[in-house]
Colleague: 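Starting off with a structure, shown below.
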Amino acid sequence: QVELVESGGGLVQAGGSLRVSCACSGRTLGRYAMGWFRQAPTKEREFVAAISRSGGSVSYTDSVKDRFTISRDNAENTVSLQMNNLKPEDAAVYYCAASSQYFSTTYVPQRTNEYNYWGQGTQVTVSS
């Protein structure tokens, strides 16, 4: 069983930066492709970014490209999302997720049903 715990959310002004992190326990992080999703009130959970098991492949939703960076440290069992130039529309609960559905070390899953495990979420609020 894998447990994911997010941290680092908070309140930031538009244009500011935040770094959210996800600590993985129970299994070695290298077994999983990892993703970040977000969900704003009244909206469906949406893909933000993901990174392959090896860390060599990443993917971002178009709205965060060039502003967000996903990274992983398999030795420390953590995955992070650095968010720069935050906009009010980035405000949401951010969820970390782990996928063990694919053997590939380079595949980057982007759909919620591709992920087996989810954290409890961390709130990101962006004031305008």
Side-chain angles (χ1 to χ4, degrees):
Q1 188 69 18
V2 174
E3 182 179 12
L4 304 173
V5 179
E6 300 97 335
S7 60
L11 171 65
V12 65
Q13 287 188 332
S17 297
L18 273 179
R19 184 179 182 89
V20 290
S21 295
C22 175
C24 173
S25 61
R27 292 288 180 93
T28 303
L29 189 69
R31 292 172 175 258
Y32 307 99
M34 300 297 296
W36 285 97
F37 291 75
R38 65 188 180 189
Q39 188 167 16
T42 74
K43 294 188 176 181
E44 292 190 356
R45 191 169 298 189
E46 66 171 355
F47 171 75
V48 177
I51 188 166
S52 63
R53 288 175 58 195
S54 67
S57 301
V58 297
S59 180
Y60 300 94
T61 192
D62 286 346
S63 64
V64 309
K65 283 180 181 176
D66 300 324
R67 298 190 299 122
F68 290 13
T69 302
I70 188 171
S71 61
R72 66 188 297 157
D73 185 335
N74 287 346
E76 294 293 328
N77 271 6
T78 60
V79 62
S80 297
L81 185 68
Q82 176 66 41
M83 304 182 290
N84 298 329
N85 190 21
L86 282 158
K87 303 177 180 181
E89 52 264 40
D90 294 318
V93 176
Y94 281 70
Y95 295 92
C96 172
S99 172
S100 65
Q101 297 184 30
Y102 304 98
F103 183 75
S104 169
T105 58
T106 59
Y107 180 66
V108 185
Q110 299 181 36
R111 295 185 296 270
T112 55
N113 62 5
E114 295 185 286
Y115 286 85
N116 311 70
Y117 305 100
W118 294 83
Q120 83 289 349
T122 185
Q123 178 71 50
V124 172
T125 304
V126 184
S127 63
S128 56

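Only this structure's heavy atoms are used, side chains among them; waters, hydrogens and symmetry mates stay out. The first residue of the sequence shown is numbered 1, and numbering continues consecutively from there.
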Colleague: First locate atom CG of L81, then atom OG1 of T122, and finally report the distance between them rounded to the nearest 0.5 Å.
Modeller: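 Separation between the atoms: 11.0 Å.
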Colleague: Where do N116 and Q101 land on the side chain to side chain contact (heavy atoms under 4.5 Å, CB included) test, with the steps shown first?
Modeller: CA-CA 8 Å; N116 311 70; Q101 297 184 30; 3.5 Å; yes
Colleague: Quick one: pull up OH in Y107 and CD in E114 and give me the separation to the nearest 0.5 Å.
Modeller: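 Atom-to-atom, Y107:OH and E114:CD are 3.5 Å apart.
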Colleague: What's the verdict on side chain to side chain contact (heavy atoms under 4.5 Å, CB included) for L29 and T78, showing C-alpha distance, side-chain angles and the deciding distance?
Modeller: CA-CA 7 Å; L29 189 69; T78 60; 5.5 Å; no
Colleague: Could you give the distance from CZ (F68) to OG (S17), rounded to the nearest 0.5 Å?
Modeller: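 Reported to 0.5 Å precision, the distance equals 9.5 Å.
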Colleague: Are any non-hydrogen side-chain atoms of E6 and C96 less than 4.5 angstrom apart?
Modeller: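 Yes, their side chains come closer than 4.5 Å.
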Colleague: So, the side chain of R72 versus the backbone of S52: is there a donor-acceptor pair under 3.5 Å, distance only?
Modeller: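 Between the backbone of S52 and the side chain of R72 there is a qualifying donor-acceptor contact (under 3.5 Å).
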Colleague: Under the ring-ring contact (aromatic ring centres under 6.0 Å, His included) rule, collect the residues that match up with Y95, sequence neighbours excluded.
Modeller: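 Y95: no ring-ring contact (aromatic ring centres under 6.0 Å, His included) contacts found.
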Colleague: With sequence neighbours left out, what residues match R67 under salt bridge (charged side-chain N to carboxylate O under 4.0 Å, His left out)?
Modeller: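 Partners of R67 under the salt bridge (charged side-chain N to carboxylate O under 4.0 Å, His left out) test: D90.
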Colleague: For the hydrophobic clusters of this structure (ILVMFWY residues joined by side-chain heavy atoms under 4.5 Å, transitively), does one cluster hold both L4 and F37?
Modeller: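 The answer is no; the residues belong to distinct hydrophobic clusters.
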Colleague: For N113, is the CG atom crowded, meaning more than 12 foreign heavy atoms sit under 6.0 Å from it?
Modeller: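 Count over threshold, so yes.
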Colleague: Do the side chains of W118 and T112 get nearer than 4.5 Å, heavy atoms only?
Modeller: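 In short, these two side chains touch, coming nearer than 4.5 Å.
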Colleague: Can you sort out the partners of Y60 under ring-ring contact (aromatic ring centres under 6.0 Å, His included), two or more places apart, ordered by chain and number?
Modeller: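 Partners of Y60 by the ring-ring contact (aromatic ring centres under 6.0 Å, His included) criterion come out as none, since no residue qualifies.
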Colleague: Mind running side chain to side chain contact (heavy atoms under 4.5 Å, CB included) on R38 and V64 for me, showing each step along the way?
Modeller: CA-CA 12 Å; R38 65 188 180 189; V64 309; 4.0 Å; yes
Colleague: What's the spacing between S63 OG and F47 CZ if we round to 0.5 Å?
Modeller: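 Going from the OG atom of S63 to the CZ atom of F47 covers 10.0 Å.
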Colleague: Using 0.5 Å steps for rounding, measure from the OH atom of Y117 to the CD atom of E3.
Modeller: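 Reported value, rounded in 0.5 Å steps: 12.5 Å.
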